[in-house]
Novice: 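Could you have a look at this structure, given as structure tokens, before my questions?
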Amino acid sequence: MLQSALVTLLIGAGFVSQPPPSYRVESEPVANGAELVTVFGRLQNPASGSRDLDVPLLSVLRDSLGDSDPANQRLRYVWILTSTRPTPWQRAASALSFGFFRARSKRHANRVPSPTLDLASPYKSVYGNLFSDGLQALELDPLGAAIRSTTRTYRGNSSDYSKLQVFQALATLDNLGPDPELSDSQFREIYSRLSLSTHAFGGLVREQKLSTYYDRRTSQLQQTRGHNWELLRQRAELNGLIFEPLAYASGTPSEALLWIARSDLDARAERHFEGQFLTIANPWTDDRLMHWTGYTQQRYFDSENHPVPEGTPGAHSEALIPLALYNLDYPRVPLLLADFRNSLRPKRREMVNQGASSMVTGVLGLTRFGNPEFFAAAALWTFVRGRHGSAVNRSSRLQSYSEARTFLAMDSTLDPALRTQLQLRLDHLALNPRENDVSHEATLAREQYAALLHYADSPRGAAKLERDRRKELEAYTQSPGRRFAAGLGRIFTRGPRIDPEKPDLSLQAELGEYRRSAYHVRFLDQLLANSPSPDVVWDAEAIGRSVSALSSDANASPQARRLISQVCARSTDGDLQLTCLRVLQDRKPSGPDAATTQPIATPAQ
């Protein structure tokens with residue numbers, strides 16, 4: 001039968017026609033020995049389908065101390081260039097408890113954007129969120145339903161908008177692929193920190209755990225996509241529908257379309273429909289499909305139902321009608337994002353979920369931690385609905401929406417008319433007043449990138465970088481108590497005067513030594529944590545270079561000696577063992593105070 005053949009053929013055909021994703025990375029030198037590393041994407045211009053827009057999407061400040069040694073490089077700030085400060089109208093609309101609509105889109109943003117994340121101090125966002133949550137619960141909630149619902153709605157919309165931008169940045173990084181401008185360790189750090197920023201205590205995860213977190217998250221994502229792919233494919237085949245995955249050539253599918261062949265509608269009386277996990281109405285009893293005037297797509301097949309180009313001798317055409325768009329990254333089940341016959345179905349789901357949350361927490365004042373009975377009932381209800389395939393995870397729904405939004409904006413293989421139809425239906429899910437149109441986000445990103453480049457290359461940007469370097473050196477050389485006292489002092493004195501035209505070269509040299517030492521310690525620590533035999537999974541010469549570098553480093557802490565001892569004990573390479581033994585002999589502590597030697601503090605992550 002036709003649909004049975006197309007189920008298999010479209011799975012393979014979806015990848016053959018996909019070109020590589022249009023992402024690239026540029027590195028721009030800025031003042032005081034740093035670089036601005038930016039990810040660009042080619043946005044499909046809605047106003048002109050034949051001309052794409054080269055849009056800066058994500059920028060990272062990489063402090064390299066003016067040289068090319070990777071051990072000296074430190075990632076500082078991350079800017080998501082499509083994220084902007086809201087307009088006054090967007091701020092006012094964000095406070096409406098049941099205002100499920102997108103406010104007027106922002107069109108221009110010429111100011112320097114605020115950094116989304118400080119990679120050197122990710123824990124700051126955790127403390128800020130805890131403080132604002134405590135202020136909401138202790139001071140604002142008791143003031144009454146009007147204040148409580150307004151402030152909670154405003155904070156919720158602000159948090160959802162920040163998460164939307166982070167999820168779009170993660171979708172960009174997912175499809176970026178290896179790039180010489182960004183090393184694997186730096187890519188993992190950026191990706192992991194952005195992903196963890198959407199969790200309450202994600203900023204407290206240590207730097208040594210980031211690589212493990214990245215592997216676990218990407219593995220879980222691939223498993224979820226594979227599970228949802230197979231589930232949706234099976235349900236489509238069971239119901240006589242056509243399953244087509246959508247993906248970039250560099251990755252696995254994150255979205256999928258369900259189609260129905262117009263020729264199969266002639267025998268619809270014999271069809272049986274089971275809608276579990278599909279959440280769409282029965283297409284075989286829908287008379288609208290018999291008289292469908294919406295979007296259809298003509299595809300051509302040979303006598304064996306293999307897809308062929310138009311004009312192939314002996315080919316016959318089939319008219320396919322789109323039914324629904326799903327995201328494959330939602331946990332447990334595919335998430336319906338667009339229903340071509342009922343465009344309000346996904347939006348009604350979001351309005352009901354958000355409206356119920358606003359009513360319970362904002363108007364009635366019931367919270368999970370303030371009311372244990374409500375917490376238990378809500379947890380049980382959420383568990384039961386989730387097991388039955390309901391979309392109960394708001395953060396995951398937002399991530400699915402942002403991924404589909406990014407895919408439609410960047411993918412160049414979809415038919416322009418189909419892309420327009422999908423974007424129109426996806427816009428129905430835009431319930432956040434702070435959200436901007438995709439076409440306007442391209443303009444906002446380019447304007448903010450220009451402002452950021454100017455700031456990073458200006459004396460103000462150079463002075464900011466110099467102050468950050470001083471704080472980083474203090475983290476290596478001073479105790480937490482002294483750093484806290486110095487921070488209080490800077491509030492009243494503004495700290496020492498910084499001359500951006502005359503950088504402190506001695507400070508840079510000393511900071512470079514500490515960075516190199518910390519780099520080699522991290523390398524050995526992660527290597528030992530990932531394998532019982534380090535020289536089996538990694539180049540023994542590279543391990544030996546790190547061991548030798550620590551042996552000649554006066555700033556190396558006793559932790560370095562412990563790591564070198566473990567490398568020597570676990571290694572099976574004779575030359576590496578000899579190098580470790582020589583280093584341990586040279587660095588053997590001596591004197592009456594050797595046993596009480598304290599390690600130099602490493603910077604807090």
Novice: Checking side-chain polar atoms at under 3.5 Å, does Ser27 have a donor or acceptor matched by the opposite partner on Glu35?
Specialist: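 Result is yes, a qualifying pair exists.
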
Novice: Any non-hydrogen side-chain atom of Arg397 less than 4.5 Å from a side-chain atom of Arg349?
Specialist: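 The answer is yes, as the side chains (C-beta and beyond) meet within the 4.5 Å cut-off.
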
Novice: List the atom of Asn327, the atom of Asp329, and the distance in Å for their closest heavy-atom pair.
Specialist: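 Smallest interatomic distance, heavy atoms only, reads OD1-N, 2.8 Å.
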
Novice: Quick check: does any side chain N or O of Ser192 sit under 3.5 Å from a backbone N or O of Leu210, one acting as donor and the other as acceptor?
Specialist: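 Judged by distance alone, yes, a pair lies under 3.5 Å.
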
Novice: With a cut-off of 6.0 Å (strictly less than), are more than 12 heavy atoms of other residues, nucleotides or ligands near NE2 of His199?
Specialist: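 More than 12 heavy atoms, drawn from other residues, nucleotides or ligands, come within 6.0 Å of this atom.
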
Novice: Applying salt bridge (Lys or Arg N to Asp or Glu O under 4.0 Å) to Asp63 and Arg515, what does each step give before you reach the verdict?
Specialist: CA-CA 11 Å; Asp63 182 12; Arg515 283 187 181 180; 2.8 Å; yes

Novice: What do you reckon, is NZ of Lys347 surrounded by more than 12 foreign heavy atoms closer than 6.0 Å?
Specialist: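 Count over threshold, so yes.
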
Novice: Measure the spacing between CD of Glu255 and CG of Leu414 and express it to the nearest 0.5 Å.
Specialist: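 Taking CD in Glu255 and CG in Leu414, the distance rounds to 10.0 Å.
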
Novice: Only pairs at least two apart or in different chains count here, so list each salt bridge (Lys or Arg N to Asp or Glu O under 4.0 Å) that has a residue in residues 107-131.
Specialist: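 Residue pairs with at least one partner in residues 107-131: there are none.
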
Novice: Please walk me through it: do Thr172 and Tyr23 pass side chain to side chain contact (heavy atoms under 4.5 Å, CB included)?
Specialist: CA-CA 8 Å; Thr172 297; Tyr23 290 104; 3.5 Å; yes

Novice: Looking at every heavy atom in both Leu465 and Ala31, which two are closest together, and how far apart are they?
Specialist: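 Looking at all heavy atoms of both residues, the shortest contact is CD2-O, 4.0 Å.
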
Novice: If only atom types and distance count, is the side chain of Ser159 paired as donor or acceptor with the main-chain N or O of Arg155 below 3.5 Å?
Specialist: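 No; judged by distance alone, with no hydrogens or angles, the pair does not exist.
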
Novice: Does any non-hydrogen side-chain atom of Leu57 lie less than 4.5 Å from one of Met410?
Specialist: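 In short, these two side chains touch, coming nearer than 4.5 Å.
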
Novice: With respect to Ser211, which candidate in Gln526, Arg188, Glu189 satisfies the side-chain hydrogen bond (donor to acceptor under 3.5 Å, both in side chains) definition?
Specialist: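 Result for side-chain hydrogen bond (donor to acceptor under 3.5 Å, both in side chains) with Ser211: Arg188.
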
Novice: For the backbone of Asp215 and the side chain of Thr218, can you confirm whether one donor and one acceptor N or O come within less than 3.5 Å of each other?
Specialist: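 Yes, Thr218 side chain to Asp215 backbone: donor-acceptor pair under 3.5 Å.
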
Novice: At their closest point, which heavy atom of Asn72 faces which heavy atom of Gly512, and how far apart are they?
Specialist: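 Smallest heavy-atom distance, with atoms named: OD1-O, 3.2 Å.
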
Novice: Provide the closest heavy-atom pair for Tyr330 versus Asn393 in the form atom of the first, atom of the second, distance.
Specialist: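 For Tyr330 and Asn393, the tightest heavy-atom pair comes out as OH-N, 2.9 Å.
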
Novice: Between Ser105 and Asp437 (side chain of the first, backbone of the second, donor and acceptor by atom type, cut-off under 3.5 Å), is there such a pair?
Specialist: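 Yes, the answer is positive, given that a donor and an acceptor are paired below the 3.5 Å cut-off.
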
Novice: With a 3.5 Å distance limit and no angle check, can you tell me whether Glu447 reaches the backbone of Ala109 through a side-chain donor-acceptor pair?
Specialist: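 Yes: the side chain of Glu447 pairs with the backbone of Ala109.
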
Novice: Indicate yes or no: at least one non-hydrogen side-chain atom of Leu61 is less than 4.5 angstrom from one of Leu75.
Specialist: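 When only atoms from C-beta onward are counted, Leu75 and Leu61 do not touch, as no gap falls below 4.5 Å.
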
Novice: Please step through side chain to side chain contact (heavy atoms under 4.5 Å, CB included) for the pair Val39 and Leu176, ending with a clear verdict.
Specialist: CA-CA 8 Å; Val39 181; Leu176 176 61; 4.1 Å; yes

Novice: What is the distance from atom OH of Tyr455 to atom OG of Ser458, rounded to the nearest 0.5 Å?
Specialist: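 Spacing of OH (Tyr455) from OG (Ser458) equals 6.5 Å.
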
Novice: Any side-chain donor paired with an acceptor under 3.5 Å for Ser114 and Arg85?
Specialist: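 Yes, side-chain donor-acceptor contact under 3.5 Å.
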
Novice: Okay, side chain of Thr198, backbone of Ser195: is any donor-acceptor separation there less than 3.5 Å?
Specialist: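 Checked: pair present.
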
Novice: Any donor-acceptor pair under 3.5 Å linking the side chain of Arg425 with the backbone of Ala338?
Specialist: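 Not a single qualifying donor-acceptor pair exists.
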
Novice: Between Thr151 and Gln136, is the side chain to side chain contact (heavy atoms under 4.5 Å, CB included) condition met? List the steps.
Specialist: CA-CA 8 Å; Thr151 52; Gln136 176 71 48; 3.0 Å; yes

Novice: Take Glu466 and Asn32, measure what side-chain hydrogen bond (donor to acceptor under 3.5 Å, both in side chains) needs, and give me the verdict at the end.
Specialist: CA-CA 8 Å; Glu466 189 73 11; Asn32 211 353; 3.2 Å; yes

Novice: Look at the aromatic rings of Trp79 and Tyr77 and report parallel, tilted or perpendicular, splitting at 30° and 60°.
Specialist: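 Trp79 vs Tyr77 ring planes: tilted.
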
Novice: Can you confirm whether Thr38 sits close enough to Leu58 that some side-chain heavy atom of one is under 4.5 Å from a side-chain heavy atom of the other?
Specialist: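 Side chain of Thr38 against side chain of Leu58, heavy atoms only: no contact under 4.5 Å found.
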
Novice: Using modelled atom types and a 3.5 Å cut-off, is there a donor and acceptor pairing between side-chain atoms of Ser357 and backbone atoms of Asn353?
Specialist: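 Such a contact is absent between Ser357 side chain and Asn353 backbone.
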
Novice: How long is the straight-line distance from CG of Leu453 back to OG of Ser59, given to the nearest 0.5 Å?
Specialist: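 Reported value, rounded in 0.5 Å steps: 7.0 Å.
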
Novice: Charged N to carboxylate O under 4.0 angstrom, Arg76 versus Glu472?
Specialist: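 A salt bridge links Arg76 with Glu472.
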
Novice: Distance-only, no hydrogens or angles: does the Asp411 side chain make a donor-acceptor pair with backbone N or O of Phe407 under 3.5 Å?
Specialist: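 No; judged by distance alone, with no hydrogens or angles, the pair does not exist.
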
Novice: Answer yes or no: is there a side-chain heavy-atom contact under 4.5 Å between Leu53 and Arg42?
Specialist: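 Not touching, per the 4.5 Å side-chain cut-off.
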
Novice: Out of the candidates Glu441, Gln448, Gln90, only one should pair with Thr84 under the side chain to side chain contact (heavy atoms under 4.5 Å, CB included) rule; please name it.
Specialist: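 For Thr84, the side chain to side chain contact (heavy atoms under 4.5 Å, CB included) test succeeds with only one of Glu441, Gln448, Gln90, which is Gln448.
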
Novice: Between Arg446 and Asp54, does any side-chain N to carboxylate O distance fall below 4.0 Å?
Specialist: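 The answer is no: the pair does not qualify as a salt bridge.
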
Novice: Please find out if less than 6.0 Å separates the ring center of Tyr449 from that of Phe40.
Specialist: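 Yes.
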
Novice: Evaluate the side chain to side chain contact (heavy atoms under 4.5 Å, CB included) criterion for residues Glu181 and Gln186: first the C-alpha distance (whole Å), next the side-chain angles of each, then the deciding distance (0.1 Å), finally the verdict.
Specialist: CA-CA 10 Å; Glu181 293 290 344; Gln186 292 174 350; over 6 Å; no

Novice: Answer yes when Arg405 and Glu435 have at least one side-chain N-carboxylate O distance shorter than 4.0 Å, and no when they do not.
Specialist: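 Salt bridge present between Arg405 and Glu435.
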
Novice: Looking at side-chain heavy atoms only, is the closest gap between Val112 and His454 below 4.5 Å?
Specialist: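 They are not in contact (no side-chain heavy atoms under 4.5 Å apart), so the answer is no.
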
Novice: Measure the CD-OG distance between Gln354 and Ser97 for me, rounded to the nearest 0.5 Å.
Specialist: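 Spacing of CD (Gln354) from OG (Ser97) equals 12.0 Å.
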
Novice: Within this structure, what is the CZ-OG1 distance for the pair Arg206 and Thr212, rounded to the nearest 0.5 Å?
Specialist: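 Arg206 CZ to Thr212 OG1: 10.5 Å, rounded to 0.5 Å.
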
Novice: Looking at Asp179 and Arg24, is any side-chain nitrogen of the basic one under 4.0 Å from a carboxylate oxygen of the acidic one?
Specialist: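 Salt bridge absent between Arg24 and Asp179.
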
Novice: Got Asp174 and Leu221 here, is their nearest side-chain heavy-atom distance under 4.5 Å?
Specialist: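 Yes, side chains in contact.
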
Novice: Rounded to the nearest 0.5 Å, what's the gap from CG on Leu328 to CG on Leu335? Could you check?
Specialist: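 Separation between the atoms: 10.0 Å.
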
Novice: Do you know the tightest heavy-atom contact between Glu350 and Leu429?
Specialist: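 For Glu350 and Leu429, the tightest heavy-atom pair comes out as CG-CD2, 3.9 Å.
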
Novice: So, do Tyr161 and Asn436 sit near enough that their side-chain heavy atoms are less than 4.5 Å apart?
Specialist: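 A side-chain contact under 4.5 Å exists here.
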
Novice: Around atom CZ of Phe201, are there more than 12 heavy atoms of other residues, nucleotides or ligands at under 6.0 Å?
Specialist: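 12 or below, so no.
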
Novice: Would you please name every residue forming a side-chain hydrogen bond (donor to acceptor under 3.5 Å, both in side chains) with Tyr154, sequence neighbours left out?
Specialist: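 So Tyr154 forms a side-chain hydrogen bond (donor to acceptor under 3.5 Å, both in side chains) with Arg91, Arg434.
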
Novice: Decide if atom CD of Glu26 counts as having more than 12 heavy atoms of other residues, nucleotides or ligands within a radius under 6.0 Å.
Specialist: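 Count over threshold, so yes.
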
Novice: Is it true that a side-chain atom of Thr153 and a backbone atom of Thr150 form a donor plus acceptor pair closer than 3.5 Å?
Specialist: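 Not a single qualifying donor-acceptor pair exists.
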
Novice: Identify the heavy atoms of Leu337 and Ser400 that sit nearest to each other, and give their distance.
Specialist: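 The pair with the smallest heavy-atom distance is CD1-O, 3.8 Å.
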
